[in-house]
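Just so we're on the same page: letters track the sequence lines, and every chain starts at 1. All values derive from a computational prediction rather than experimental measurement.
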Protein chains: 2
Amino acid sequence: MAVENIAKALGDESRRKIIELLKEGELPATAIFDQFEYAAPTISRHLSVLKDAGLVSTRRNGVFIYYSLEKDALRQLDEWLSPFLPKAKAAPKEKTNSAPKIPKDNPFDKFQSEF
Amino acid sequence: MAVENIAKALGDESRRKIIELLKEGELPATAIFDQFEYAAPTISRHLSVLKDAGLVSTRRNGVFIYYSLEKDALRQLDEWLSPFLPKAKAAPKEKTNSAPKIPKDNPFDKFQSEF
DNA sequence: GTAATAATTAGCAGTATTGTTAAATATATA
DNA sequence: TATATATTTAACAATACTGCTAATTATTAC
């Protein structure tokens with residue numbers, strides 16, 4: 001699934017809470033419903049958004065439908081993020097005032113101000 | 001800023017593209033506008049969403065307003081993700097009210113099916 | 001002062017999202 | 001078959017989002 005859909009799905013508090021509930025393992029929809037004040041159909045639709053984004057999968061066991069986390073989707077988002085993040089968190093941000101570095105052939109060079 | 005706002009801000013293709021444009025360094029708004037087919041005010045509002053989410057910051061230099069990436073915001077999202085991902089290079093961030101720790105006498109245990 | 005450029009804000013329309021309740025579907029069991 | 005439970009789908013209202021154009025603000029140069 002696209003990173004966009006994954007990020008968008010995570011941009012809702014209820015859906016992030018669902019993801020956290022599923023961290024320890026699969027749960028039937030009912031158990032998830034019970035953790036919210038919202039009506040069941042509301043959460044059901046949140047679950048379907050998560051499923052469409054590839055963040056959860058389902059299996060039926062009798063009358064229950066178990067939801068579980070698809071960590072690969074979270075990993076995809078993490079992989080989109082990682083190129084932006086310095087290797088280790090070893091170097092704490094040092095409030096740099098230095099000019100941002102731009103590659104030599106950067107088409108935006110002309111915009112780099114001189115201070 | 002909240003992880004929710006960060007995720008929500010990244011859940012839009014134009015905004016993710018802006019983030020990628022800023023990866024190499026700061027850019028004035030005009031340079032960003034030029035990379036899109038959308039009208040400048042549209043992109044301007046996207047920039048303000050990113051700024052509200054803490055993903056970018058600005059500085060004025062003359063008539064230009066330079067936007068730059070705030071990697072700390074991306075790192076916050078990354079830290080929310082890390083505990084879900086196996087090879088956790090996770091920060092030992094143990095911030096209390098984040099993920100609902102499910103205790104050993106897990107109230108959901110009864111939902112764990114036997115296969 | 002006026003003019004030019006950079007950027008944001010205001011107001012509006014179309015669409016998407018999120019919540020609701022009621023109805024429908026699927027399964028298990030008496 | 002009928003009934004009960006689990007879950008989703010349908011239909012709807014309220015709100016949020018995204019795009020546009022036009023107007024406004026900020027800065028620089030003349």
Candidate nucleotides [options], ranked by approach to the side chain of [X] - the nearest:
| X | options | value |
| --- | --- | --- |
| A/His46 | D/dT8, C/dG19, C/dT8 | C/dG19 |
| B/Ser44 | C/dT18, D/dT8, C/dT9 | C/dT9 |
| A/Lys8 | C/dT17, C/dT18, D/dC20 | C/dT17 |
| A/Arg15 | C/dT18, C/dT8, D/dT27 | C/dT18 |
| B/Phe64 | D/dT18, C/dA6, C/dT20 | C/dA6 |
| B/Arg45 | C/dT8, C/dG19, D/dC20 | D/dC20 |
| A/Val63 | C/dG11, D/dT8, C/dT27 | C/dT27 |
| A/Ala39 | D/dG19, C/dT20, C/dT27 | C/dT20 |

Please check: side-chain N/O of [X] versus main-chain N/O of [Y], any donor-acceptor pairing under 3.5 Å?
| X | Y | result |
| --- | --- | --- |
| B/Lys17 | B/Gln35 | yes |
| B/Arg16 | B/Leu10 | yes |
| A/Arg60 | A/Gly62 | yes |
| A/Ser48 | A/Arg45 | yes |

Rounded to the nearest Å, what distance is computed from the [atom1] atom of residue [X] to the [atom2] atom of nucleotide [N]?
| X | N | atom1 | atom2 | value |
| --- | --- | --- | --- | --- |
| B/Tyr66 | D/dT27 | OH | P | 15 Å |
| B/Ile32 | C/dA6 | CD1 | C1' | 13 Å |
| A/Asp34 | D/dA6 | CG | C1' | 11 Å |
| A/Tyr67 | D/dA6 | OH | C1' | 11 Å |
| A/Ile43 | C/dG19 | CD1 | C1' | 10 Å |
| B/Ile18 | D/dT18 | CD1 | P | 11 Å |
| B/Phe33 | C/dT8 | CZ | P | 5 Å |
| B/Ile65 | C/dT8 | CD1 | P | 5 Å |

Side-chain N or O of [X] less than 4.0 angstrom from OP1 or OP2 on [N]?
| X | N | result |
| --- | --- | --- |
| A/Thr42 | C/dT18 | no |
| B/Arg60 | D/dA26 | no |
| B/Tyr38 | D/dT21 | no |

A/Phe36 near the nucleic acid: base, sugar-phosphate alone, or nothing, with a heavy-atom cut-off under 4.0 Å?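 Nothing, no heavy atom under 4.0 Å.
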
Report yes if the side chains of B/Leu69 and B/Leu74 come closer than 4.5 Å at any heavy-atom pair, otherwise no.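 Side chain of B/Leu69 against side chain of B/Leu74, heavy atoms only: contact under 4.5 Å found.
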
Going by heavy atoms in the side chains, are B/Ile19 and A/Phe84 under 4.5 Å from each other?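 Side chain of B/Ile19 against side chain of A/Phe84, heavy atoms only: contact under 4.5 Å found.
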
On DNA chain C, check which nucleotide each of A/Pro41 and A/Gly62 is closest to and give me the residue with the more 5' one.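 The residue whose closest nucleotide sits nearer the 5' end is A/Pro41.
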
